[in-house]
Protein chains: 4
Amino acid sequence: MTNPDDDTPRRAHTGRRRNEDARRAILDAVLVLLAESGGAPVTIDTIARAAGVGKQTIYRWWPSKGAVLLEALTGLAGDVVSPPRGETLRADLTSFVTATFRGARAESTAAVLRSLVREAARDPHAADLVRTFTESRRDALRALLAGHPDELAPDADLDLIVDQLYGLFWYRFLLAHRPLSDEAAGALGAALAAQAGAGSVRP
Amino acid sequence: MTNPDDDTPRRAHTGRRRNEDARRAILDAVLVLLAESGGAPVTIDTIARAAGVGKQTIYRWWPSKGAVLLEALTGLAGDVVSPPRGETLRADLTSFVTATFRGARAESTAAVLRSLVREAARDPHAADLVRTFTESRRDALRALLAGHPDELAPDADLDLIVDQLYGLFWYRFLLAHRPLSDEAAGALGAALAAQAGAGSVRP
Amino acid sequence: MTNPDDDTPRRAHTGRRRNEDARRAILDAVLVLLAESGGAPVTIDTIARAAGVGKQTIYRWWPSKGAVLLEALTGLAGDVVSPPRGETLRADLTSFVTATFRGARAESTAAVLRSLVREAARDPHAADLVRTFTESRRDALRALLAGHPDELAPDADLDLIVDQLYGLFWYRFLLAHRPLSDEAAGALGAALAAQAGAGSVRP
Amino acid sequence: MTNPDDDTPRRAHTGRRRNEDARRAILDAVLVLLAESGGAPVTIDTIARAAGVGKQTIYRWWPSKGAVLLEALTGLAGDVVSPPRGETLRADLTSFVTATFRGARAESTAAVLRSLVREAARDPHAADLVRTFTESRRDALRALLAGHPDELAPDADLDLIVDQLYGLFWYRFLLAHRPLSDEAAGALGAALAAQAGAGSVRP
DNA sequence: ACATAATCGAGACGGTACGTCAGGTCTTTTG
DNA sequence: CAAAAGACCTGACGTACCGTCTCGATTATGT
């Protein structure tokens, strides 16, 4: 049986392999630069210089600046995710929100997040990646909700709940008019759990 | 009564006045260009050219491109706002959300909104203005909520409700993963009205 | 007899007269600014501001920036000219050259001269005025030469001598590779007097 | 003998090399544009456009517009120089002057020369380069004079002669009040040769 | 062993947009 | 009706990044 799998190209690879050190150096440089830049935009040239790498090495492996940022971010986010599995929906929801808010309060994550959005705002490629990324987060959240079927009203609009959660998160994160505090996380978790249990109100 | 302030400067303005035609031409050109551009970024040169105006005239009155977009937008938004005054909180909330969603569905408004965000993503000046703008929208919404004191639980977290509403709005608007439909507006209005009435749940 | 003189127009002037103070303020401001600027270009706005005058007032009376500079210059040059009248051609020539060189060494004159050339380099109007100005200087020099007919060879090429003198002057003045010293003035005066007496050499 | 300096850099050049085609295209475009423009100023954008080159490629290699013009000019001047070597000083001088005048009469050269001066008038960088350029021309002329030591008076002021020649040249070239004719060249050559032979006149 | 092939750092390239500056004109109010 | 103030249009400037394209050098297979 011929294996059409991803990592089995028809013809074995010839030539020099990708330099893993370079990859790491680039992602690290991105994080360092973002942390130092204090919100100022980071350019490709700067990243390449800081990583001791040619620009082409970046463009060879990532389609755009935003893609690099995104990869750097997911590396970071992996630590934070920790899908909770508790007794009640409200507890799970609250701990999920709290973790999310805390991740965004860490300056290291926040800087990447912010730059990522900046990039997505003008690079359609980056925008696509952000869309995929946020999609996967929503899926995770939806799975969490689905894990408590007995606490969900039959006609509960899960998408509405998910989008309220992430909407509020991004809205506060980007505008920073109000902190992403643990208190807010608790209140939001409780409110959304209540919404899920109540279901849609009859018109 | 001599009132020396407000509109009574000690010495009248001397020199040529600001050309109101130019101002209108610029704002109009922005709207037209955005509508035509189909999401592509619009440059200052293009605006100036289309308005039959020198670039400097734009920079004389607005600190950045985003500021122009914002002014163009508020001109548009003024028509949409229409603060409702109905019987129930739920009805008012729903009609407010519906109006907001509908405004964003109109391509003319949506294009400006989108470009505005794009600008804010890289022009700190524009970002500030967006902050002010969104602040005023939140205030309007909060006023609407405060207009129904008897339907609010004593410990209701109005800021949370406001941010859930606008958070979801922007989240869906920018990611476009789900439509800002009238149905969604109804559901959101109902859910938030219920939340406001229930107040915070005890931990 | 009607006097066609400059300041007696046929029909009495109607309306406000030209403000002589403004004229002087402008010319003075030019000189001051040039002296202070140390060679840096001086703009019309700066002049207007320094003279406490509207830009239009400058353009009402002078066709371009260069024209203002030129008028400021001729005011200065008038003091320096002093057409000499001595015994010998050589003495007269030497004292003429010396006076010219000395005028250019005075920083006040030099700054104007330099800015004037700068202007002429890109303002055709100013260039015309410079042409007229230099023409008048050449005429003065030619008159000086003609004042010693007995010391001139019949076929002496006066234009050549004049241009050698002023050519060297401007060349050294603008390039500043060699000083416009009194010694140089003496040597040049002597050499040109000799040349004038010898006439053209047969080919 | 290991000599690590001069033309033996430790590490060979890395990165893409300068594109010689672009360099030529730029210089050619300058000449063509100047010839066509008929004295009107030529902008960097126009040059870049005409050469099919990015503006930055010009700024990468030349510090200012004047520098580009100068390089274009020296390319042209190289053909004209032809240091003469004849029997008499007068003959050499005359042919040198004649060649110089003729070069300036050719519209192709004249346009570059004129624009070069225009640039030098406001770009200090270009002014420096012009100074270097004229310096080299004076050196060439001084070498020519030194080639006839027996025809020079012991106290002859060579610099004065050199500056008379080039002074007259530029003076007539820029003011254009009198042509740079072959006749003038002959007369000037003869006069200066006589000056050189006579030496300084005693005071 | 030696050709083939892909990667790497470096950096030049064509472009697009930016925000600034100066010039010269036009307009309003004051004296 | 001139003058001061100052807004206006024009057009060039020099800079910042972008994403692509060479370079020569450096690995890794394949034969």
Side-chain angles (χ1 to χ4, degrees), chain A residues 11-19 21-22 41-46 48-49 51-61 63-65 122-123 125, chain B residues 11-19 21-22 41-46 48-49 51-61 63-65 122-123, chain C residues 13-19 21-22 41-46 48-49 51-61 63-65 122-123 125, chain D residues 11-19 21-22 41-46 48-49 51-61 63-65 122-123:
Chain A
R11 185 190 182 304
H13 181 65
T14 266
R16 187 174 179 174
R17 307 309 173 68
R18 175 174 190 178
N19 184 350
D21 291 353
V42 173
T43 73
I44 283 276
D45 287 79
T46 313
R49 182 83 42 129
V53 142
K55 266 204 289 183
Q56 193 64 282
T57 301
I58 299 181
Y59 281 109
R60 203 185 332 268
W61 301 109
S64 71
K65 205 189 347 173
R122 58 190 199 129
D123 175 5
H125 214 110
Chain B
R11 189 191 184 304
H13 179 67
T14 250
R16 186 174 181 175
R17 306 311 172 70
R18 177 173 187 176
N19 185 350
D21 291 354
V42 172
T43 74
I44 285 274
D45 285 81
T46 313
R49 180 93 34 139
V53 144
K55 254 203 294 186
Q56 200 67 348
T57 299
I58 298 181
Y59 282 110
R60 200 187 334 270
W61 300 109
S64 68
K65 209 197 324 181
R122 56 190 200 126
D123 175 2
Chain C
H13 188 62
T14 270
R16 189 170 175 178
R17 307 306 170 73
R18 174 174 190 178
N19 185 348
D21 292 354
V42 173
T43 73
I44 283 277
D45 288 78
T46 314
R49 182 83 42 126
V53 143
K55 267 204 289 183
Q56 194 63 347
T57 302
I58 299 181
Y59 282 109
R60 207 188 321 275
W61 301 109
S64 71
K65 193 170 28 152
R122 57 190 198 131
D123 174 6
H125 214 110
Chain D
R11 188 188 184 309
H13 178 66
T14 246
R16 187 175 180 174
R17 309 311 172 66
R18 177 172 188 177
N19 184 350
D21 290 354
V42 172
T43 74
I44 286 273
D45 285 82
T46 314
R49 179 93 36 138
V53 143
K55 256 204 293 187
Q56 201 67 0
T57 299
I58 299 181
Y59 282 112
R60 199 185 337 268
W61 300 109
S64 69
K65 210 198 321 182
R122 58 191 199 123
D123 175 3

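Proteins get letters first, then strands, A, B, ... in listed order; numbering begins at 1 in each. Note that the structure is a prediction, hence the values are computed from the model and not measured.
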Item to complete: Measure the distance from CG on Asp21(D) to C1' on dT22(F) and round it to the nearest whole Å.
Response: 13 Å
Worksheet entry | Spacing of Arg18(D) atom CZ relative to dC21(F) atom C1', expressed in whole Å | 17 Å
Discussion item. Arg18(B): which residues meet the side-chain contact (heavy atoms from CB on, under 4.5 Å) condition with it, sequence neighbours left out?
Written reply: Arg23(B), Trp61(B), Trp62(B)
Discussion item. Using the side-chain heavy atoms of Ala22(D), tell me which of these nucleotides is nearest: dG23(E), dC8(F), dG14(E).
Written reply: dG14(E)
Discussion item. Taking only side-chain N and O atoms of Arg60(C), does any of them lie within less than 4.0 angstrom of OP1 or OP2 on dA2(F)?
Written reply: no
Discussion item. Return whichever of Gly15(B) or Ala48(D) has its heavy-atom-nearest nucleotide of DNA chain E closer to the 5' end.
Written reply: Ala48(D)
Worksheet item: Can you tell me how far NZ of Lys65(A) sits from CD1 of Ile58(A), rounded to the nearest 0.5 angstrom?
Response: 10.0 Å
Worksheet item: Which nucleotide in the list dG23(E), dG15(E), dC13(F) gets nearest to the side chain of Asp45(D)?
Response: dC13(F)
Worksheet entry | d(CD, Gln56(A); P, dA12(E)) in whole Å | 15 Å
Practice prompt. Select one nucleotide: of dC13(F), dA4(F), dC9(F), the one nearest the side-chain heavy atoms of Val53(B).
Written response: dC9(F)
Worksheet item: With Ala51(D), which residues qualify under side-chain contact (heavy atoms from CB on, under 4.5 Å), at least two apart?
Response: Ala25(D), Ile26(D), Ala29(D), Val53(D)
Worksheet entry | Ile44(D) vs Val42(A), nearer the 5' end of DNA chain F by closest nucleotide | Ile44(D)
Worksheet item: What nucleotide among dT20(F), dC17(F), dC26(E) has an atom nearest to a side-chain atom of Lys55(A)?
Response: dT20(F)
Worksheet entry | Which residue lies more 5' along DNA chain F, comparing Asp123(D) with Gly52(C) via nearest heavy atoms | Gly52(C)
Discussion item. Taking 4.0 Å as the cut-off, does a side-chain nitrogen or oxygen of Arg17(B) come that near to OP1 or OP2 on dG6(F)?
Written reply: no
Discussion item. I need the minimum non-hydrogen distance between His125(A) and Ser64(A), along with the two atoms involved.
Written reply: CB-OG, 3.9 Å
Worksheet entry | Short side-chain N/O contact from Thr57(D) to OP1 or OP2 of dG14(E), under 4.0 Å | yes
Worksheet item: Side chains of Thr46(B) and Arg49(B): does their closest heavy-atom pair fall under 4.5 Å?
Response: no
Worksheet item: Has Arg16(D) got a side-chain N or O lying under 4.0 Å from the OP1 or OP2 atom of dA12(E)?
Response: no
Response to the item:
Rounded to whole Å, the CZ-C1' distance (Arg49(A) to dG11(E)) equals 9 Å
Worksheet item: What is the distance from CZ of Arg122(C) to P of dA12(F), rounded to the nearest Å?
Response: 12 Å
Fill in: Separation of dC13(E) C1' from Ile58(D) CD1 (nearest whole Å)
12 Å
Worksheet entry | Under 4.0 angstrom between Trp61(A) side-chain N/O and dC8(E) OP1 or OP2 | yes
Item to complete: When you get a sec, tell me which of dA17(E), dG24(E), dC21(F) is the closest nucleotide to the side chain of Thr43(B)?
Response: dA17(E)
